[in-house]
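See structure below.
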Amino acid sequence: MFLFSKLVWVFGQPLSLAFLFVLLAVLTGLVRWRATSLVSSTIAGLILFVTLYTTLGNFLLEGLEDRFLKPQDPADLQCMIVLGGAFENEVNTARHGVELNAGADRFVEALRLAQKYPLARILISGGDGSISGIYEGDAVISARFFPIFGIGQERLIEETTSRTTFENAMNTKELLASQGLSNCLLITSGYHMPRSVGIFRKLGIDVVPWPTDYRTEGQESLSLDFTQPNRNSQNLATAIREWFGLVGYYLAGRTSELYPS
């Protein structure tokens, strides 16, 4: 299931689809299937145009981000769960550093809360989600990250084996029970929160959604945008990947509902 999901995404993301249709257009053109070649090249062009020069990705991503609103800081805090996906695992494994990626706000927010609530435990869930499985995961790297800012190792609970969000929840459930912890904050990116909450609910884990790492302004609409094709492409890929996860997990019975809120 893990490998299948990885391969689906490799070939299912917008730019990969565009390439496959271009390839089909070239191959069918070589054998003089002109109608098929024309249709394929047209589809490839449309995918590229929508991906690079419209706000569709921002619009879809905003819908995911707005499903759960972040509450006010609580009066007290016992524990927080931080889902992995914020470190450059390949670089950190090679250089033994602490390099963050676009999801860094997950750990920045966890650090802010850890400093505000000095008794709160921090459960970091994240192993190596790559196909090769040869890299350090977020939980391992976080053991280097938090002490830099004065957060003691004794406050950390490291879940180092999960590769997917479902495995995050499964493994976290066992650790919470062994540590006697419940009703923790669930910290992850806003766009990732609906799927995460759906899985945790399905497994009977009570959490308080704590979204962070917002990618949109909160006032997105569908329109043309020729000014930032790279951002448009990244956001559409992120939104589509998340919807792949929502639908796939729902069909597999791994989440409480299709679009949790």
Side-chain angles (χ1 to χ4, degrees), residues 1-67 85 88 90 101-103 129-133 163-166 189-196 198-199 213-255 257-261:
M1 183 68 178
F2 168 73
L3 182 59
F4 175 75
S5 66
K6 289 291 185 181
L7 292 176
V8 166
W9 179 240
V10 167
F11 296 106
Q13 54 188 294
L15 295 182
S16 292
L17 283 176
F19 170 77
L20 291 175
F21 276 108
V22 168
L23 181 62
L24 179 60
V26 171
L27 293 176
T28 53
L30 290 175
V31 296
R32 301 185 183 280
W33 294 356
R34 294 178 180 175
T36 302
S37 180
L38 178 61
V39 170
S40 298
S41 58
T42 300
I43 293 174
L46 286 173
I47 292 174
L48 286 173
F49 183 82
V50 170
T51 300
L52 297 172
Y53 302 119
T54 76
T55 60
L56 177 61
N58 305 334
F59 182 77
L60 293 176
L61 209 57
E62 181 180 275
L64 291 164
E65 290 180 340
D66 288 348
R67 295 297 281 181
E88 293 288 355
E90 294 90 340
N101 61 25
S130 69
I131 293 177
S132 65
R163 302 168 298 172
T164 66
T165 308
F166 181 73
S189 301
Y191 66 82
H192 187 235
M193 189 60 74
R195 180 157 57 105
S196 302
I199 297 167
D213 178 33
Y214 291 99
R215 310 290 176 90
T216 66
E217 299 173 4
Q219 299 177 341
E220 301 291 345
S221 60
L222 291 173
S223 62
L224 298 177
D225 179 12
F226 297 98
T227 64
Q228 41 193 357
N230 186 55
R231 176 176 181 261
N232 294 336
S233 174
Q234 288 179 338
N235 283 352
L236 182 59
T238 300
I240 290 177
R241 182 176 185 176
E242 202 55 38
W243 269 105
F244 275 6
L246 282 165
V247 173
Y249 276 28
Y250 179 72
L251 294 176
R254 290 184 167 184
T255 186
E257 52 189 312
L258 177 60
Y259 199 23
S261 64

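FYI, side chains are in, hydrogens and waters are out, and symmetry mates aren't considered; it's all heavy atoms of this structure. Since we're looking at a predicted model, the values are computed, not measured.
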Can you list everything that forms a ring pair (Phe, Tyr, Trp, His ring centres under 6.0 Å) with [X]? Sequence neighbours excluded, please.
X      : result
Tyr259 : Trp243
Trp9   : Phe244
Phe19  : none

Within a strict 4.5 Å, meaning less than it, do heavy atoms of the [X] and [Y] side chains meet?
X     : Y      : answer
Asp66 : Tyr191 : no
Leu20 : Leu24  : no
Leu64 : Leu246 : yes

Quick one: list whatever passes salt bridge (charged side-chain N to carboxylate O under 4.0 Å, His left out) with Arg215, sequence neighbours left out. Asp213

Those residues that, when tested against [X], pass side chain to side chain donor-acceptor pair (under 3.5 Å) (two or more places apart):
X      : value
Thr255 : none
Gln13  : none
Glu90  : none
Ser130 : Asp128, Ser132

Considering only residues two or more places apart or on different chains, which pairs with a residue in residues 238-249 satisfy salt bridge (charged side-chain N to carboxylate O under 4.0 Å, His left out)? Arg195-Glu242

Sequence neighbours left out, cut at 3.5 Å: what donor-acceptor pairs do the side chains of residues 45-55 make with other protein atoms?
{"from": "Thr51", "atom 1": "OG1", "to": "Ile47", "atom 2": "O", "distance (Å)": "2.7"}
{"from": "Thr54", "atom 1": "OG1", "to": "Val50", "atom 2": "O", "distance (Å)": "2.6"}
{"from": "Thr54", "atom 1": "OG1", "to": "Leu56", "atom 2": "N", "distance (Å)": "3.4"}
{"from": "Thr55", "atom 1": "OG1", "to": "Ser221", "atom 2": "O", "distance (Å)": "2.6"}
{"from": "Thr55", "atom 1": "OG1", "to": "Ser223", "atom 2": "N", "distance (Å)": "2.9"}
{"from": "Thr55", "atom 1": "OG1", "to": "Ser223", "atom 2": "O", "distance (Å)": "3.3"}

Taking side chain to side chain contact (heavy atoms under 4.5 Å, CB included) as the definition, give me every residue that meets it alongside Asn232, ordered by chain and number, with sequence neighbours left out. Asn58, Asp225, Gln228

Mind checking what makes side chain to side chain contact (heavy atoms under 4.5 Å, CB included) contact with Val39, not counting sequence neighbours? Ile43

For Thr164 and Tyr249, work out which heavy atoms get closest and say how close. CB-OH, 3.6 Å

